[in-house]
There are 2 protein chains.
Amino acid sequence: MTDAQIPPTTAEELRAAILARYDGLSKRLQQIARYVLDEPNELALETLAVIAERSGVQPSAIVRFAKSFGFDGASQMQRLFRDGLLSGHAALGYSERVRNFSRAVDNSAASGGAELLSEFVEGNTIALQNLPQTVSDADLTAAVRLVEACDTVFVVGVRRAFPIAAYLAYSLQQAGKRTTFVDGVAGLARQQVGMIRPEDLLIAVSYQPYAEETVHAVEAAATRGAPVLSISDSLVSPIAKPATVTLQVRESEIRAFRSLSASMCLAQALVIGFAFEASRKEDAKNRRKR
Amino acid sequence: MTDAQIPPTTAEELRAAILARYDGLSKRLQQIARYVLDEPNELALETLAVIAERSGVQPSAIVRFAKSFGFDGASQMQRLFRDGLLSGHAALGYSERVRNFSRAVDNSAASGGAELLSEFVEGNTIALQNLPQTVSDADLTAAVRLVEACDTVFVVGVRRAFPIAAYLAYSLQQAGKRTTFVDGVAGLARQQVGMIRPEDLLIAVSYQPYAEETVHAVEAAATRGAPVLSISDSLVSPIAKPATVTLQVRESEIRAFRSLSASMCLAQALVIGFAFEASRKEDAKNRRKR
DNA sequence: TTGTGAACGGAAATTTTGTTCCATAGAACG
DNA sequence: CGTTCTATGGAACAAAATTTCCGTTCACAA
C-alpha cells in the first residue's frame with residue numbers, strides 16, 4: 001500500500017473516489033469496487049465475512065480495498081455507509097445530531113448566549129425534520145379519520161402540553177368541529193371528561209413526566225368507551241398505551257428545556273388535515289345537490 | 001426465562017409484542033423496551049456495548065430482554081431491525097433515494113392530504129430559518145433584559161396567539177419569574193392589566209387581525225408607565241407601535257393557515273435566554289458570598 | 001424481621017469478527 | 001528464460017463483540 005491519502009468522509013465522496021480510480025485498480029479490486037457501488041446497503045450492515053462471500057472475494061481483499069482508499073481498515077469504511085444509510089432517510093442521525101448540537105450549545109454558553117436564537121432555530125429544525133420519522137402518513141391519516149368520525153372532540157393537556165392542547169381546541173373549533181377544551185378551570189376537569197360518550201373523541205397531549213390529570217382523563221375516556229388520540233413522546237407512555245391512535249413526537253432538548261415546535265407543527269398538520277378532508281366532503285355533497 | 005415462545009419475525013411484530021407485554025416487564029426491562037421503541041436505528045447498527053451505554057443498562061440485560069421475547073440472543077433481535085432498515089429504503093442506490101425524496105416534497109403540494117406532514121415540516125423549517133432575519137440577537141438580548149429587570153411579568157394573548165402566551169406564562173413561571181397570565185377567565189382581563197405597575201412588564205402576543213383585548217392591554221400598560229414587549233407579525237401593528245421592544249415573527253402560511261412553530265421557537269429562546277442569564281447572576285452572587 | 005425467589009450487575013468465557021502476515025501465483029520486464 | 005515485483009488467497013492472530021455464569025440486591029410474603 002503506497003497510498004497514504006486522506007480517506008473520504010462521506011459515502012458520496014467515496015463513491016466519487018471509486019469511480020475516479022476504477023480503471024487503475026486491479027481486477028480483484030475492481031470486482032470489490034463494483035460490489036461496493038452496487039450494494040451500499042450490504043456494505044453498511046453485513047459483516048466482512050458475509051460481504052466477502054456474497055461478492056466472491058476474500059475478507060482480506062476487502063481490507064486491502066479499504067486501505068487503498070486511505071482508510072485504516074474495512075470497519076472505518078463501513079462506518080461511512082452506515083452513517084449514509086441513516087442520513088439518507090434523514091433518520092438515525094437524530095440522536096447523534098442532537099448530541100452534537102447540545103455540545104455546541106455548551107461551548108457557546110461561554111460566549112454569553114448571544115447566538116441563542118440561531119441555536120434554537122437549528123435545534124428545532126432538526127426536530128422538525130425528524131418528525132415524519134416517528135409519525136407516518138398512515139398515522140396522521142388515521143388520526144384525521146378519528147376526528148372526522150366523532151361527534152365532539154374533547155382536548156386535554158396541562159403544563160407543558162397546555163399550549164398544544166389550547167391550539168388544538170381553538171383551531172378545531174375554527175375548523176367547524178364541535179370541541180370542548182378540558183381546561184380544568186374551577187377544578188372541573190374530571191366532570192368535563194366524565195361527560196364523554198363513545199361517539200366522541202378525546203385528544204390527549206402529554207410529555208414526560210406525564211401529568212396525573214391527563215392520564216386520568218385518558219383512562220376515563222377509555223373506560224367510557226370513547227376513542228383516544230394521544231400525542232406524546234413515547235409509545236409506551238401512560239397516555240399512549242390505552243390510546244386508539246398515538247402520534248409520537250420527539251422534541252429537541254436544550255439545557256433540560258424541551259421544545260414544542262415540532263408538536264406545534266404536528267398539531268397544525270392534524271387540524272388542517274381535518275379541515276381539508278371536511279371541505280372536500282362538503283364539496284362532494286354540494287355537487288351532488290345540483 | 002420461562003418463555004419458550006416463538007420470536008417475532010419483523011420489526012413491526014416485535015414493536016407490537018413489546019407494547020403488548022410492556023406492563024408485565026420488570027423496571028429494567030421496561031427501560032430497555034423504551035429504548036428499543038424510541039431508537040430503532042441505534043438498535044439496528046450499534047453494538048451491544050454502545051446500546052447498553054446509551055440506554056444506561058448492562059449488555060447482559062439487553063440479552064435477557066431479547067431472550068424474554070423468544071430470541072436466541074440479542075444479535076437475532078438486531079437482525080430484525082437491520083432488515084427493517086433496509087426494507088424502508090428499497091434496494092435503490094444512493095442518488096436515486098435523494099432524488100425520490102425531493103420529488104416527494106415537490107409533489108405533495110399537488111396531492112391530497114397524505115403528505116401533508118412533510119409539507120408542514122418544510123414550511124415551518126423555512127419559517128424557522130427566516131426567524132433570525134427579523135429578530136436580531138440585539139433584539140432578543142434587549143427583550144431578555146426587560147424580563148430580567150422587571151418585578152412581575154404579565155402575559156397576554158388570545159385566539160391564535162393564546163398558545164404562545166400560555167407557553168410564555170408557564171415557562172417563565174417555571175424559570176422562577178413572578179408571572180401573571182392574563183387569561184381573561186371570568187372576563188377579568190381588564191382588571192388584571194389594570195393592576196400593572198411601572199416596574200412590571202407586559203408581554204403581548206398578537207397577529208393579524210389584532211385582537212381588541214390585546215391592543216387594549218398594551219395601551220393600558222403604556223398609559224400606566226409599564227414597559228411592553230410585543231411579539232407580532234409586523235413592526236407597525238397596533239401592539240408593536242407603543243411597545244418598548246418588538247420581536248417580529250413571520251410565520252409560514254400553508255393553505256391559508258398560518259403556522260406557529262417559529263413563534264414557539266422564539267418564545268422558547270426568550271425564556272431560556274432569561275433562565276440562562278438568571279442562573280448566571282445567581283452563580284455570581286453565590287461566588288461573591290464566599 | 002427473616003426467608004425465598006426473581007432480577008440485576010459485573011466479570012469471565014466464548015464466539016465472532018476484523019486484521020495481519022506470509023507463501024504462492026502470475027505478470028512484467030530485462 | 002529467468003528474475004522481480006505485485007496481487008492474491010488462506011491461515012494465523014488479535015481484537016472486539018456477545019453470551020453465560022454467578023454472587024448480590026431487591027421486593028415480596030410469611
Side-chain angles (χ1 to χ4, degrees), chain A residues 1-5 7 14 18 21-36 39-83 85 236, chain B residues 1-5 7 14 18 21-36 39-83:
Chain A
M1 217 145 321
T2 49
D3 313 313
Q5 3 165 340
L14 174 56
I18 293 175
R21 291 185 40 194
Y22 185 80
D23 289 323
L25 296 174
S26 73
K27 202 177 89 185
R28 188 52 42 100
L29 256 36
Q30 285 188 351
Q31 185 183 346
I32 296 172
R34 259 199 307 278
Y35 190 81
V36 171
E39 308 282 358
N41 295 330
E42 303 265 312
L43 248 289
L45 41 79
E46 296 296 341
T47 71
L48 269 202
V50 173
I51 296 167
E53 198 209 325
R54 300 231 175 115
S55 61
V57 303
Q58 292 293 323
S60 52
I62 299 176
V63 174
R64 265 198 294 276
F65 177 84
K67 288 196 171 177
S68 86
F69 279 92
F71 298 103
D72 275 357
S75 306
Q76 208 174 87
M77 180 172 71
Q78 271 196 303
R79 185 150 306 137
L80 242 59
F81 281 100
R82 295 193 170 183
D83 293 349
L85 190 61
V236 294
Chain B
M1 188 180 340
T2 49
D3 314 311
Q5 4 163 340
L14 174 56
I18 292 175
R21 289 188 40 197
Y22 185 79
D23 287 320
L25 296 175
S26 72
K27 201 177 90 186
R28 188 51 42 99
L29 257 35
Q30 285 187 352
Q31 184 183 348
I32 297 171
R34 250 187 129 85
Y35 191 82
V36 171
E39 309 279 1
N41 295 325
E42 303 262 317
L43 247 289
L45 44 78
E46 296 295 342
T47 69
L48 268 202
V50 173
I51 296 167
E53 199 209 325
R54 299 227 173 120
S55 62
V57 303
Q58 293 292 323
S60 50
I62 299 176
V63 174
R64 265 198 293 276
F65 177 84
K67 289 198 170 175
S68 87
F69 279 90
F71 297 102
D72 275 357
S75 306
Q76 208 175 91
M77 181 172 72
Q78 272 195 304
R79 188 151 304 139
L80 244 60
F81 282 100
R82 296 192 171 182
D83 293 349

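These figures come from a predicted structure and were not determined experimentally. In what follows, chains carry the letters A, B, and so on, assigned in the order in which the sequence lines appear, proteins first and then strands, with residues in each chain numbered from 1.
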Exercise for the section: Could you work out which one of C:dT20, C:dG18, D:dT18 sits closest to the side chain of A:K67? Expected result: C:dT20
Practice task
Can you tell me the distance, in whole Å, between the CG atom of B:D72 and the P atom of C:dT16?
Solution key: 12 Å
Dump every N/O contact between nucleotides 4-8 of chain D and the protein below 3.5 Å, one line per pair.
from  : atom 1 : to    : atom 2 : distance (Å)
D:dT8 : OP1    : A:S26 : OG     : 3.0
D:dT8 : OP1    : A:R28 : N      : 3.1
D:dT8 : OP2    : A:S26 : OG     : 3.1

Problem - Separation between OG of A:S55 and CZ of A:R34, rounded to the nearest 0.5 Å - result: 10.5 Å
Practice task
Measure the CD-CZ distance between A:E46 and B:R79 for me, rounded to the nearest 0.5 Å.
Solution key: 7.5 Å
Handout entry: Rounded distance in Å - CD (B:E53) to P (D:dT18)
Key = 14 Å
Handout entry: Length of the line joining B:L25:CG and C:dA6:C1', which is rounded to integer Å
Key = 14 Å
Practice task
Describe the nucleic acid contact of A:A61 in one word from base, sugar-phosphate, nothing, applying a heavy-atom distance below 4.0 Å.
Solution key: nothing
Exercise for the section: Whole angstrom is fine here: how far is it from CZ in A:R82 over to C1' in C:dG18? Expected result: 12 Å
Handout entry: Whole angstrom value for the distance that separates P of C:dC8 from CD of B:Q30
Key = 10 Å
Practice task
For A:Q31, enumerate each residue passing the side chain to side chain donor-acceptor pair (under 3.5 Å) test, keeping only those at least two apart in sequence or located in another chain.
Solution key: A:R28
Handout entry: Length of the CG-P vector between A:L48 and C:dT16, whole Å
Key = 16 Å
Problem - Donor-acceptor contact below 3.5 Å, side chain B:Q78 vs main chain B:L43 - result: yes
Would you mind writing out the side-chain donor-acceptor pairs for residues 70-77 of chain A within the sub-3.5 Å range, not counting sequence neighbours?
from  : atom 1 : to    : atom 2 : distance (Å)
A:Q76 : OE1    : A:D72 : N      : 3.4

Problem - Inter-residue atom distance A:N41.CG - A:F81.CZ, 0.5 Å rounding - result: 9.5 Å
Practice task
Classify the side chain of A:S60 and the base of D:dG10 as holding, or not holding, a donor-acceptor pair under 3.5 Å.
Solution key: yes
Exercise for the section: Identify, with sequence neighbours excluded, every residue that meets side chain to side chain donor-acceptor pair (under 3.5 Å) alongside B:Y22. Expected result: none
Exercise for the section: Name every residue in residues 74-81 of chain B that has at least one heavy atom under 4.0 Å from any atom of DNA chain D, in order of residue number, or write none if there are no such residues. Expected result: B:A74, B:S75, B:Q78
Practice task
Find out whether B:V36 and B:F65 are in side-chain contact, i.e. whether some heavy atom of one side chain is under 4.5 Å from a heavy atom of the other.
Solution key: yes
Handout entry: With A:E42 via side chain to side chain donor-acceptor pair (under 3.5 Å) - residues at least two apart
Key = A:Y35, A:R54
